[in-house]
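To keep things clear, I will list the structure first and then write my remarks on it.
Remember, predicted model here, so these are calculated numbers, not experimental data.
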Amino acid sequence: MTRESRRPEGGSASDEVAPADPVRNAFDRGVMACGRLAAWLVFVAMVISVFEVIMRYAFGSPTSWVHESVVMLVAVSFALGGPAALACNRHIRVRVLYDSVGPKAKLWLDRFNDLVTFLFCLGMTYAATVMFWDASHNPLGEWQLERSGTAWNPPIPALVKGMILVALAIMCVQALLHLGQSLRGKPAPDPDDMEGTA
């Protein structure tokens, strides 16, 4: 559905009804705002990649930090993309059953989906906690960040695993809030009604 198809016959663009809000609560709005900022990490990765190419081929002076920095920036942006997709209800889904039932059944399917999402995110958050603990502590239990093992040797593996934990914890909170809303009878926004709004 496009904006043109939502416009009433003979109506102008100013008569157009505002599209549905793609987020379900204030927490999701905050996640979307942070997601828009985190999206700039890809741009930063591109800029430092261009810097590396110029330094390597124009000046014969390659860097030792660009490749690992780019990997970290892109990994963090991907990790934070999960909460952003969940916030605006744009995650991947199979809608064959959902689209074939009425509003009351859709609400029950939303409740089931939100419960499964919460349980999945809870389990993944636990796994990410274990993964981050292993990456941030030595075998004696002392704080020691896992390092990349390269000549530069930054603690990027531990930092990325920490961001995965943060992203999954955010998704766990989101899923719990979504479950609460669906249990109170507030259906999830329909992505088909939100084209171009995310």
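- Salt bridge annotation for Arg24-Asp110: absent, with no cationic side-chain nitrogen under 4.0 angstrom from a carboxylate oxygen.
- Annotation: the span from Trp152 atom CH2 to His67 atom NE2 amounts to 11.5 Å, rounded to 0.5 Å.
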Does the side-chain contact (heavy atoms from CB on, under 4.5 Å) test come out yes or no for Lys161 and Leu165, once each step is laid out? CA-CA 6 Å; Lys161 290 173 185 178; Leu165 172 60; over 6 Å; no
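- A donor-acceptor pair shorter than 3.5 Å cannot be found between the side chains of Tyr98 and Asn113.
- Here the CZ-CE distance, from Arg90 to Met32, works out to 9.5 Å after rounding to the nearest 0.5 Å.
- Here CG of Leu109 is found 10.5 Å from CZ of Arg95. Values are rounded to the nearest 0.5 Å.
- Met124 CE: 12 or fewer foreign heavy atoms inside a 6.0 Å radius.
- Side chain to side chain, His178 and Asp28 meet the donor-acceptor criterion of an N or O pair below 3.5 Å.
- Every residue was checked against the salt bridge (charged side-chain N to carboxylate O under 4.0 Å, His left out) condition with Arg147, not counting sequence neighbours, and none meets it.
- Ring orientation note: the planes of Trp133 and His137 are close to parallel, at an angle under 30° on the 30°/60° scale.
- Here the side chains of Pro62 and Glu52 are in contact, with some heavy-atom distance below 4.5 Å.
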Can you list the steps and then say if Leu80 with Met163 is a side-chain contact (heavy atoms from CB on, under 4.5 Å)? CA-CA 8 Å; Leu80 296 176; Met163 284 308 301; 3.8 Å; yes
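- Sequence neighbours left out, not one pair with a member in residues 104-125 passes ring pair (Phe, Tyr, Trp, His ring centres under 6.0 Å).
- For Thr150, the side-chain hydrogen bond (donor to acceptor under 3.5 Å, both in side chains) partners two or more places apart in sequence, or in a different chain, are Glu68, Ser148.
- Annotation: side chain of Pro154 is not in contact with side chain of Trp65 (no heavy-atom distance under 4.5 Å).
- Phe27 is listed as a side-chain neighbour of Ile170, based on a closest heavy-atom distance under 4.5 Å.
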Stepwise side-chain contact (heavy atoms from CB on, under 4.5 Å) test for Leu73 and Val42: CA-CA 7 Å; Leu73 291 170; Val42 176; over 6 Å; no
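- Side chains of Ser61 and Arg56 form no contact here, defined as non-hydrogen atoms less than 4.5 Å apart.
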